[in-house]
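The chains referred to below are lettered A, B, ... by the order of the sequence lines, with proteins before strands, and numbering in each begins at 1.
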2 protein chains.
Amino acid sequence: MSQGNTGVTDEAIHDVACPIREVIDRVGGKWSVQIILATAQGPVRFTDLERRIEGISRRMLTLTLRNLERDGLIVRKVYATVPPKVEYTGTEMSRELHDPLERLADWARRNRGNISAARAEYDQANSRDD
Amino acid sequence: MSQGNTGVTDEAIHDVACPIREVIDRVGGKWSVQIILATAQGPVRFTDLERRIEGISRRMLTLTLRNLERDGLIVRKVYATVPPKVEYTGTEMSRELHDPLERLADWARRNRGNISAARAEYDQANSRDD
DNA sequence: CGGGATCCAAAAGGATACTG
DNA sequence: CAGTATCCTTTTGGATCCCG
C-alpha cells in the first residue's frame, strides 16, 4: 500500500451504507417512525392514529400504513362490523427497531446544540461574501 | 387510567420521533451516509469522493457536501494551489454517528429476509384480487 | 369508519455545459 | 480540480371528493 490511508474503506463503506439505505428507504418517510412507535404497544385504530399523529393527512396515513404493512412492520386486522373497524399492530421486527432508533435519537439530543451552532456560523460566514 | 393502554404513549412518541426526524432530515439524503463514512478516517478530495461513490452526480456531491458542512458534520479545507485542491474530513460529531448507524445496519441485515418475504407475500396477495 | 381515486405543489435528484 | 448554473424528471406529500 503506497498511497496512504486507503485500506478498508471502499468495500466497508458499501457494506455499511447499503443496509442503512435499506432502513432509511422504509422508515425515512415523514410519518413512518411515528406510526411505528404508535403501533408498538398494541392494536390502534385508523382514526386513533389520525388523531394522535398531528398534521398527517388521510392519504399519507393510508399510504404509510400500506408500505409498513407490505414490509412486514405492522399487521392490519379488519373486523367485518358496521361501521368497519381496522386495527394496526407493530410486529416483533418493528419493535426491534426501537433500540437502534433510540440510539439515533440520543445522538440527536446530544448534538442539537452543536448542529444549530454550526449552522448559525455557516450561514453567517456565507452571508457576507458570495 | 380507565381507558386501557393509553399511558406513556403520545408524549413519549413525540419525544422519540422528533429527534429521529432531525437525524433523518440531515442524513436521510440519498448520498449523505456514504459521504459521512468516506470522510470518516481522514481528508478526502472532491474527485476522490466522486470516484469512490459510484453513481453520484457532480451536483449532488456538491450539494450534499455543503449540507453536511453546514451542519458541522464535515470540514472543508481549501488549498490555494493551482490546480485547486479541496479536502473534506468528517468531524467528531459525525464519527459519533457510526455506532448508531451500525445498529441500524445490523437490524437491516438481520431482517432482510423477513422483509422481502413479507413483500413477496403482500404483493402476491394483492395481485389476485383488486 | 376506513379508505380509494384524482389532482396539484414542492422537494429531491440527475445530466451536462461552463468556469476560475 | 472543484465546483456553479441551468434544465429536466421523479418522488413525495398535501387537499379533496367520493364510496362501501
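Nucleic acid contact class of B:Y88 (heavy atoms, under 4.0 Å, all strands): sugar-phosphate only.
Residues B:D25 and B:R21 are paired through a salt bridge, judged by an N-O separation under 4.0 Å between the basic side chain and the carboxylate. Salt bridge annotation for B:E102-B:R109: present, with a cationic side-chain nitrogen under 4.0 angstrom from a carboxylate oxygen. Salt-bridge formation is not detected for the pair A:R103/B:D99: no Lys NZ or Arg NE/NH1/NH2 atom is positioned less than 4.0 Å from an Asp or Glu carboxylate oxygen.
Put simply, the side chain of B:T64 never gets that close to the backbone of B:L61: no donor and acceptor are under 3.5 Å apart.
In this structure, A:L68 CG and A:T91 OG1 are separated by 9.5 Å, a value rounded to the nearest 0.5 Å. Atom CZ in A:R52 sits 4.5 Å away from atom CG in B:D10 (nearest 0.5 Å). Note: A:F46 CZ to A:T62 OG1 = 3.5 Å, rounded to the nearest 0.5 Å.
Between the side chains of A:E87 and A:Y79, a donor-acceptor pair is found at a separation under 3.5 Å.
Contacts of residues 53-74 of chain B with DNA chain D (heavy atom under 4.0 Å): B:R58, B:R59, B:T62, B:R66. Within residues 22-36 of chain B, no residue has any heavy atom closer than 4.0 Å to DNA chain D.
By the neighbour-count criterion of 12 heavy atoms within 6.0 Å, atom CD of B:E121 is sparsely surrounded, having that number or fewer from other residues, nucleotides or ligands. Annotation for A:E92: atom CD counts as buried by contact number, over 12 foreign heavy atoms lying within 6.0 Å.
When DNA chain D is scanned in the 5' to 3' direction for atoms under 4.0 Å from non-hydrogen atoms of chain A, the outermost contacting nucleotides are D:dG13 to D:dG20.
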